[in-house]
Amino acid sequence: MARRRPAFLHLCASVALIVVAFSSLTPSSDAYDPLDPNGNITIKWDVMQWTPDGYVAVVSLYNYQQYRHIQAPGWKLGWVWAKKEVIWAMTGGQATEQGDCSKFKSNIPHCCKKDPEIVDLLPGTPYNMQIANCCKGGVLTAWEQDPDNAVASFQVSVGQAGTTNKTVKVPKNFTLKAPGPGYTCGPAKLVKPTKFISQDGRRSTQAHMTWNVTCTYSQFLAQRSPTCCVSLSSFYNDTIVNCPTCSCGCQNNSTAPGSCVEGNSPYLASVVNDPNKNSLAPLVQCTSHMCPIRVHWHVKVNYKEYWRVKITVANFNYRMNYSQWNLVVQHPNFDNLTTIFSFNYKSLNPYGLINDTAMLWGIKYYNDLLMTAGPDGNVQSELLFRKEPSTFTFQKGWAFPRRVYFNGDNCVMPPPDAYPWLPNASPRLPASLLLTFVAVWAALAVLLAHA
């Protein structure tokens with residue numbers, strides 16, 4: 001029995017190591033993003049003036065995430081009032097539900113819910129219902145991609161709230177949907193009142209009170225399955241490494257009818273435009289990977305001092321155009337990127353001086369819109385790198401990216417042992433010639449033995 005115990009402990013330790021090894025291969029799903037460690041959406045609530053029973057505030061959302069943006073149908077911001085507050089009126093936004101306002105006889109509030117949920121107004125809203133940075137349909141661009149449109153604001157008139165800094169209570173339990181789950185918001189924190197500078201720069205005013213709320217994103221909370229995958233190819237190997245099978249879920253029409261559709265199906269148009277289906281749920285082309293987005297990295301040409309890569313982003317989702325899409329790619333040779341064709345580029349430098357991470361996105365009015373699945377559902381570009389003699393090699397998959405994100409979501413990479421490898425440098429002898437050499441050496445060995 002004593003001999004079995006060490007063996008049993010050794011087995012348990014081995015199993016634990018295997019579990020840790022496999023878990024390390026799984027993409028990180030917590031709220032911390034190593035490529036954007038300080039990325040968040042900050043909600044700023046500025047109390048601008050007092051009213052007979054409350055205050056008027058301007059609420060702003062700042063998307064400080066470098067490459068993750070909020071697409072249509074846009075953000076939804078919610079909270080729980082600390083007391084019995086109501087919303088008398090709003091500008092630049094609206095509550096999705098009015099709630100029970102039956103106790104108000106004449107002046108009916110805009111919203112009486114204890115837990116209101118606010119959405120942005122749509123473009124084209126009348127000017128008397130707008131404020132600055134409103135009315136974009138809830139779309140927030142990434143900070144690095146378009147900082148001017150990474151801010152949203154609305155004005156809210158709050159009643160039954162108190163009329164001094166001591167009687168106003170901060171709302172609780174903030175939630176942010178974009179448009180679904182994924183963001184976790186911390187508690188509201190009172191900060192120094194925001195200061196506002198006049199247009200001529202000669203006078204500043206400040207809010208009566210200001211509190212901030214910080215919301216961070218987690219891909220795990222947003223969805224359990226990935227949304228993109230990566231395939232690889234090269235000029236020096238005929239093998240095309242496809243996305244791993246079932247990268248985004250093994251959906252099958254035999255077990256889950258309508259989960260995907262064949263690209264040549266005669267019923268494609270009727271399925272895509274079915275009014276009974278949720279327009280936000282992706283309807284993907286039937287593939288082995290079942291991902292809405294595939295990113296293909298092709299090592300195209302090898303020059304004396306340079307090498308060239310072609311990147312193609314293909315949309316397999318029949319229900320969604322991806323406006324203002326972006327890619328984040330990690331590769332050690334981005335510190336020697338010479339030219340990029342038909343994409344915008346910005347270095348992210350998440351590790352300080354190490355320049356190995358690039359953000360790529362489309363050129364406005366040219367290819368910043370990735371169309372739905374079909375002949376036009378792709379965008380592509382080429383990158384020209386200068387070789388660094390001390391590090392450059394085509395061996396062991398060095399020429400392929402370490403990590404790829406699409407619209408902020410980590411894409412599934414093929415396993416490293418499946419990457420296209422360089423052909424064997426040593427020539428292979430034909431079998432007949434090999435047998436001849438063996439026979440000659442055998443004969444020589446016999447002669448020497450009997451000499």
Side-chain angles (χ1 to χ4, degrees), residues 21 24-28 32-39 66-67 144-145 228-244 294-313 326-361 379-406 408-428:
S24 66
L25 296 175
T26 305
S28 175
Y32 175 77
D33 185 346
L35 298 186
D36 189 12
N38 300 315
Q66 294 190 83
Y67 48 79
E144 292 291 348
Q145 191 169 351
C228 56
C229 63
V230 179
S231 58
L232 309 169
S233 63
S234 67
F235 70 90
Y236 53 78
N237 194 315
D238 292 336
T239 303
I240 297 177
V241 180
N242 292 317
C243 290
R294 183 192 67 194
V295 181
H296 185 75
W297 178 283
H298 175 65
V299 181
K300 186 176 180 180
V301 184
N302 181 29
Y303 305 107
K304 183 178 179 180
E305 296 182 356
Y306 301 88
W307 62 292
R308 183 186 291 254
V309 168
K310 181 177 181 180
I311 296 180
T312 304
V313 184
N326 65 60
L327 281 179
V328 173
V329 184
Q330 193 172 35
H331 189 281
N333 214 167
F334 270 116
D335 59 347
N336 282 324
L337 178 64
T338 303
T339 307
I340 181 168
F341 305 90
S342 70
F343 281 180
N344 288 308
Y345 159 81
K346 183 174 180 61
S347 174
L348 294 183
N349 291 349
Y351 309 115
L353 298 177
I354 303 176
N355 179 17
D356 67 348
T357 307
M359 178 176 171
L360 312 173
W361 68 96
V379 291
Q380 50 191 310
S381 179
E382 295 192 2
L383 290 72
L384 187 66
F385 296 96
R386 179 186 294 274
K387 294 179 181 178
E388 176 60 46
S390 61
T391 58
F392 175 81
T393 179
F394 281 133
Q395 295 182 355
K396 300 180 180 180
W398 183 90
F400 299 104
R402 309 307 188 253
R403 193 180 303 184
V404 177
Y405 285 40
F406 178 81
D409 284 343
N410 200 354
C411 299
V412 178
M413 297 284 297
D417 59 353
Y419 286 12
W421 290 76
L422 279 172
N424 193 346
S426 60
R428 295 182 178 180

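Residue numbers start at 1 and run along the sequence shown.
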Provide the closest heavy-atom pair for [X] versus [Y] in the form atom of the first, atom of the second, distance.
X      : Y      : value
Ala399 : Phe394 : CB-CD2, 3.8 Å
Ser347 : Tyr345 : CB-OH, 3.4 Å
Arg403 : Asn410 : CG-OD1, 3.7 Å

| field | Residue of the set Val379, Val295, Ile340, Val404 for which side chain to side chain contact (heavy atoms under 4.5 Å, CB included) holds with Ile311 | value |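 Only one option passes, and that is Val295.
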| task | Report the residues that fulfil salt bridge (Lys or Arg N to Asp or Glu O under 4.0 Å) with Arg308, sequence neighbours left out, ordered by chain and then residue number. | result |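 Arg308 satisfies salt bridge (Lys or Arg N to Asp or Glu O under 4.0 Å) with Glu382 only.
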| said: By the salt bridge (charged side-chain N to carboxylate O under 4.0 Å, His left out) test, which pairs, at least two apart or in different chains, include something from residues 340-359? | reply: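 For residues 340-359, and leaving out neighbouring residues, the salt bridge (charged side-chain N to carboxylate O under 4.0 Å, His left out) pairs sorted by first residue read Glu144-Lys346.
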| query | Please, which pairs that meet salt bridge (charged side-chain N to carboxylate O under 4.0 Å, His left out) have at least one residue in residues 228-237, sequence neighbours excluded? | reply |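 As it turns out, there is no salt bridge (charged side-chain N to carboxylate O under 4.0 Å, His left out) pair with a partner in residues 228-237 once direct neighbours are skipped.
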| Note, Phe343 side chain near Leu383 side chain (heavy atom, < 4.5 Å) |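 Answer no - side chains too far apart.
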| Going by heavy atoms in the side chains, are Tyr67 and Leu348 under 4.5 Å from each other? |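 They are in contact (side-chain heavy atoms under 4.5 Å apart), so the answer is yes.
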To the nearest 0.5 Å, what is the distance between [atom1] ([X]) and [atom2] ([Y])?
X      : Y      : atom1 : atom2 : value
Glu388 : Thr393 : CD    : OG1   : 13.0 Å
Asn326 : Phe406 : CG    : CZ    : 7.5 Å
Cys229 : Met413 : SG    : CE    : 10.5 Å
Trp297 : Leu327 : CH2   : CG    : 10.0 Å

| Should we say atom NZ of Lys387 is surrounded by more than 12 heavy atoms from elsewhere, each under 6.0 Å from it? |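 More than 12 heavy atoms, drawn from other residues, nucleotides or ligands, come within 6.0 Å of this atom.
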Donor-acceptor pairs are to be reported for all side-chain atoms of residues 328-337 against protein atoms at under 3.5 Å, with residues two or more places apart or in another chain.
from: His331; atom 1: ND1; to: Asn333; atom 2: N; distance (Å): 3.0
from: His331; atom 1: NE2; to: Trp398; atom 2: O; distance (Å): 2.8
from: Asn333; atom 1: OD1; to: Trp307; atom 2: NE1; distance (Å): 2.7
from: Asn333; atom 1: ND2; to: Arg386; atom 2: O; distance (Å): 3.3

Taking only distance into account, with no hydrogens and no angle test, what donor-acceptor pairs under 3.5 Å do side-chain atoms of residues 232-243 form with protein atoms, sequence neighbours excluded?
from: Ser233; atom 1: OG; to: His296; atom 2: NE2; distance (Å): 2.7
from: Ser233; atom 1: OG; to: His298; atom 2: ND1; distance (Å): 2.7
from: Ser234; atom 1: OG; to: Asn237; atom 2: N; distance (Å): 3.4
from: Asn237; atom 1: OD1; to: Thr239; atom 2: N; distance (Å): 2.8
from: Asn237; atom 1: OD1; to: Thr239; atom 2: OG1; distance (Å): 2.9
from: Asn237; atom 1: ND2; to: Trp421; atom 2: O; distance (Å): 2.8

| For Lys396, which residues count as a side chain to side chain donor-acceptor pair (under 3.5 Å) partner, sequence neighbours excluded? |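 Per chain and number, Lys396 pairs via side chain to side chain donor-acceptor pair (under 3.5 Å) with no residue.
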